[in-house]
There are 2 protein chains.
Amino acid sequence: MPGLQPHQLGTYFALIESVSLLQHAVEQQLRADGDLSDIQFSLLMRLFDANGQLTMTALADGVVYSRSGLTYQAGQLEKAGLITRSPDPTDERSTLVTITEAGHARIAKVLPGHIEVVRRLLIDPLPDRDVKSLGDIMSRVRDHMRTEPPRSAAPRKRRP
Amino acid sequence: MPGLQPHQLGTYFALIESVSLLQHAVEQQLRADGDLSDIQFSLLMRLFDANGQLTMTALADGVVYSRSGLTYQAGQLEKAGLITRSPDPTDERSTLVTITEAGHARIAKVLPGHIEVVRRLLIDPLPDRDVKSLGDIMSRVRDHMRTEPPRSAAPRKRRP
DNA sequence: TATTGTTATACTCTATAACTATA
DNA sequence: TATAGTTATAGAGTATAACAATA
């Protein structure tokens, strides 16, 4: 692989592979313990952290998908009784998404196992010094990505 | 979030979020430059690294999916002319997957942009010292995960 | 019996574009 | 005009189970 040095490439592959394994384990756990996809869990957690209520747009923010994808997931969560949707009195174009009691309960049900997986696979095998380094490094990477101009804001179109 | 200290949780979130952003950027690039999914690209790269030929089982190894999922992806790649499948003379149960000239060409077409994305988002924003630390840490995490007993080898069944 | 791979099928998820309604 | 959200629809991908053939 030209253009990157072996240790740079090694870093990339180790990162991608280990995160894939971690995500896979997390997905299994969430599905088994609470019948949730990782995305559904993220959405519930965002609501939880936001004290229970967000607009659709705010909820989607950062969980990169299309509007329609969020509508679909919100539909699933609503069907499962974990959220409700209601009009926003402030702005009648908006929809307020609210986490229900059952939604809270589902999080409570799933969280211990979730933490256990993350601890077992990521935290415990590393000395605390490395956990801190890793957090520090990846925070900088994340912040850099977030401030980067999207670059392919107008991605090349396949011929129509 | 009980059970994990703030810096441990922060590490987990920074890791997941930054890798998601990286993967998303990579997927865009692979699709735009070579009309490949990241999984298809991984499969081609595995063949490339293995000097062009692997059995289905060897090809799937590590790219965690079901047999049928691999059959599906191999079908897609074959339809696109990037691989061929032929019987394995050594073991007639096996199928040998071979990368074609077109497959090599596709990799060559896609790789520069791929490297550019990885460099821009992950490598360049970090001092080389951190690239090395990150590689070192994530290699240990990966190795640990790979040696771990699967734990949920027999995952809880939903009631039948 | 165990392993390799395929098929059929059903399901989840995603993306695009057209649409409604409000700011 | 721009923004918030939904719907229709089509396509990609995944998983399970049943299957055939070989070791």
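We name chains A, B, ... by the order of the sequence lines, and we start the count at 1 in each one.
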Worksheet item: With the sugar-phosphate defined as primed atoms, P, OP1 and OP2, and the base as all remaining atoms, what B/S/- string results for nucleotides 1-8 of chain C, 5' to 3', for protein heavy atoms under 4.0 Å?
Response: --BBBBBB
Between [atom2] on [N] and [atom1] on [X], what's the gap in Å once rounded to a whole number?
{"X": "A:Glu78", "N": "D:dT7", "atom1": "CD", "atom2": "C1'", "value": "15 Å"}
{"X": "A:Leu43", "N": "C:dC13", "atom1": "CG", "atom2": "C1'", "value": "13 Å"}
{"X": "A:Leu36", "N": "C:dT12", "atom1": "CG", "atom2": "P", "value": "13 Å"}
{"X": "A:Ile39", "N": "D:dG13", "atom1": "CD1", "atom2": "C1'", "value": "13 Å"}
{"X": "B:Asp38", "N": "D:dT14", "atom1": "CG", "atom2": "C1'", "value": "14 Å"}
{"X": "B:Gln76", "N": "D:dG11", "atom1": "CD", "atom2": "C1'", "value": "10 Å"}
{"X": "A:Asp35", "N": "C:dT12", "atom1": "CG", "atom2": "P", "value": "9 Å"}
{"X": "A:Lys79", "N": "C:dC11", "atom1": "NZ", "atom2": "P", "value": "11 Å"}

Response to the item:
So ring pair (Phe, Tyr, Trp, His ring centres under 6.0 Å) across residues 82-105 of chain A, not counting sequence neighbours, yields A:Phe48-A:His104
Discussion item. Please classify the nucleic acid contact of B:Gln40 as base, sugar-phosphate, or nothing, using heavy-atom distances under 4.0 Å.
Written reply: sugar-phosphate
Worksheet item: So which pairs with a foot in residues 75-85 of chain B pass salt bridge (Lys or Arg N to Asp or Glu O under 4.0 Å), sequence neighbours left out?
Response: B:Glu78-B:Arg85
Fill in: salt bridge (Lys or Arg N to Asp or Glu O under 4.0 Å) contacts in which one or both residues fall within residues 3-15 of chain A, not counting sequence neighbours
none
Response to the item:
Taken in chain and number order and not counting sequence neighbours, the residues that satisfy side chain to side chain contact (heavy atoms under 4.5 Å, CB included) with B:Pro127 are A:Arg140, B:Asp130
Worksheet, complete the sentence: By side chain to side chain contact (heavy atoms under 4.5 Å, CB included), A:Lys109 pairs with (sequence neighbours left out) none
Worksheet entry | From CG (A:Leu43) to CE (A:Met56), nearest 0.5 Å | 9.0 Å
Worksheet item: For D:dT14, does OP1 or OP2 lie under 4.0 Å from any side-chain N or O of B:Gln73?
Response: yes
